[in-house]
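Only heavy atoms go into these numbers, but all of them, side chains included; no hydrogens, no water, no symmetry mates. A note on names: the letters A, B, ... follow the listed sequences, proteins ahead of strands, and every chain is numbered from 1.
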Amino acid sequence: MPKKILLVDDANTVLMMERMMLRGAGYDVVTARNGEEAVQMALAERPDLILLDVIMPRMDGFEACRQIRANEVTKAIPIIMVTTRSEATNVQTGFDAGANEYLTKPFNSVELLGRLRTYLPE
Amino acid sequence: MSADVERLAREVETLQREIETLRGEKRRLEQQNASLASLYVAAYRLHGTIDRPEVVAIIQEIVINVVGCEETGLFEVAPDGASLELIASFGLPPGVLERVPLGAGVIGSSVRNGALWLAGDEPRPTGADETHLSACVPLVLAGRVIGAIAVFRLLPHKAALTREDHELFELLGTHAATALYCTGLHARAAELGHARGA
């Protein structure tokens with residue numbers, strides 16, 4: 001049974017690229033376009049891991065992360081925040097919100113797949 | 001017995017070296033796959049719509065998220081053919097580079113010559129507005145330059161443009177040009193359709 005990853009990003013280009021990369025690596029992929037959808041999809045799909053963009057409309061990634069962590073059903077899902085912003089304050093906010101890791105975009109696919117394997121061993 | 005153990009130990013060593021080689025090859029192929037996926041997705045997205053605002057947004061999305069920059073501008077050659085007009089930007093201060101004469105500065109020269117410009121190439125930027133220019137990608141359609149994508153400041157954690165970025169610029173140079181041109185054709189066709197219907 002392939003591991004399932006929830007991709008969350010408001011940029012269709014990024015979603016499409018991540019989806020191709022992850023499906024090519026054998027993962028099952030579901031997507032969400034903003035933080036609200038991410039919280040709903042996390043509950044509905046129970047992914048094995050969430051790749052979560054930070055800057056999104058309606059609800060940003062930090063708030064989505066907090067809500068996912070606050071729910072008994074989804075609180076244990078590993079969350080990797082993915083963003084273009086690398087400032088220390090943003091990184092700390094991500095970890096304070098409950099993220100397990102913080103990756104900057106554009107990311108190196110080898111690095112991303114390596115991080116995924118840490119949380120989802122083959 | 002000890003000869004067998006030695007032989008097995010050597011075989012284990014050989015296999016471990018092979019495993020490392022295969023791991024390296026796997027990483028290389030994953031990187032290559034990701035690079036090809038980027039090019040495919042960029043082309044797919046550019047040609048997936050004939051709505052001008054959407055195409056403009058997609059071009060910016062690609063430059064900001066895939067190349068990784070915090071300042072970018074999209075230019076089109078003005079109807080007078082003598083200058084470039086800034087039709088969209090991200091992260092640039094208001095009023096900057098709104099109109100660039102062809103041949104002026106790096107952007108104007110790159111468009112007049114139809115040649116990709118990367119930081120480090122000649123001519124060097126001399127104007128204040130081009131200080132942080134990292135790349136200028138002329139948009140070329142059937143041998144004619146119709147505009148340009150200017151990439152200014154890269155994201156803080158991105159040290160420099162990569163070979164993959166250069167490949168993406170090559171793709172954008174033609175496919176973004178075609179996509180923008182098609183939005184114009186579509187708009188004119190819609191206008192003619194309205195005019196006939198009126």
Side-chain angles (χ1 to χ4, degrees), chain A residues 5 7-27 29 31 33-34 51-57 60-61 80-92 94 101-118 120-122, chain B residues 23-49 51 54-72 90-91 151 153-165 167-168 171-172 175-176 179:
Chain A
I5 296 178
L7 298 177
V8 188
D9 204 301
D10 62 323
N12 273 332
T13 305
V14 173
L15 274 184
M16 215 176 145
M17 283 183 188
E18 287 179 348
R19 190 167 49 213
M20 280 190 72
M21 195 187 311
L22 295 178
R23 282 189 178 156
Y27 295 103
V29 175
T31 60
R33 297 288 313 278
N34 57 58
L51 281 176
L52 181 58
D53 187 26
V54 170
I55 301 167
M56 290 183 290
D60 68 19
I80 299 178
M81 304 213 79
V82 182
T83 182
T84 53
R85 308 312 307 178
S86 62
E87 292 89 344
T89 49
N90 280 315
V91 174
Q92 191 55 52
E101 293 247 17
Y102 202 94
L103 269 182
T104 48
K105 286 192 283 190
F107 45 71
N108 178 296
S109 61
V110 172
E111 184 188 9
L112 173 63
L113 292 172
R115 299 280 187 96
L116 292 180
R117 287 180 192 117
T118 303
L120 306 174
E122 287 163 2
Chain B
R23 280 198 180 126
E25 182 64 8
K26 186 179 178 190
R27 281 193 292 272
R28 188 187 69 78
L29 288 170
E30 281 173 348
Q31 185 60 47
Q32 191 177 72
N33 193 42
S35 180
L36 290 170
S38 297
L39 297 176
Y40 169 79
V41 168
Y44 183 98
R45 293 278 289 140
L46 285 169
H47 299 301
T49 178
D51 177 76
E54 278 185 33
V55 169
V56 169
I58 287 165
I59 292 169
Q60 296 207 289
E61 204 173 81
I62 291 168
V63 175
I64 293 162
N65 287 283
V66 183
V67 174
C69 77
E70 51 186 30
E71 292 173 349
T72 178
F90 177 84
V151 180
R153 228 185 287 252
L154 301 179
L155 290 170
H157 53 270
K158 177 146 179 157
L161 295 170
T162 63
R163 183 176 57 82
E164 287 78 14
D165 294 327
E167 288 171 356
L168 186 57
L171 182 142
L172 286 172
H175 288 265

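- Proximity of B/Val66 to A/Thr13: side-chain heavy atoms (C-beta onward) are separated by under 4.5 Å at one or more points.
- Of the listed residues A/Met21, A/Met16, A/Lys105, the one with more heavy-atom pairs under 4.5 angstrom with chain B than any other is A/Met16.
- Between the CD atom in A/Glu111 and the CD atom in B/Gln31 there is a gap of 10.5 Å [rounded to 0.5 Å].
- Looking at B/Pro156 and A/Thr104, their side chains never come closer than 4.5 Å, going by heavy atoms from C-beta outward.
- Using a 4.5 Å cut-off between heavy atoms, B/Arg45 contacts chain A through its side chain alone, with no backbone atom that close.
- Contact tally against chain B (heavy-atom pairs below 4.5 Å) for A/Gly24, A/Ala25, A/Ser109: the top residue is A/Ser109.
- Closest heavy-atom contact between B/Arg27 and A/Val110: O-CG2, 3.4 Å.
- Atom CD of residue B/Glu61 and atom CG of residue A/Asp9 lie 8.0 Å apart, to the nearest 0.5 angstrom.
- Between chain A and the residues B/Gly68, B/Ser38, B/Ala34, the largest count of heavy-atom pairs under 4.5 Å involves B/Ser38.
- Considering all non-hydrogen atoms of both residues, A/Ala11 and B/Asn65 come closest at CB-ND2, 4.1 Å.
- A/Pro106 and B/Leu155 make their closest contact through CD-CD1, 3.9 Å (heavy atoms, listed as atom of the first residue, atom of the second, distance).
- If you measure heavy-atom distances from A/Asn12 to chain B, the contacts under 4.5 Å come from both the backbone and the side chain.
- Interface remark: B/Glu70 contributes side-chain atoms only to the contact with chain A (heavy atom separation under 4.5 Å).
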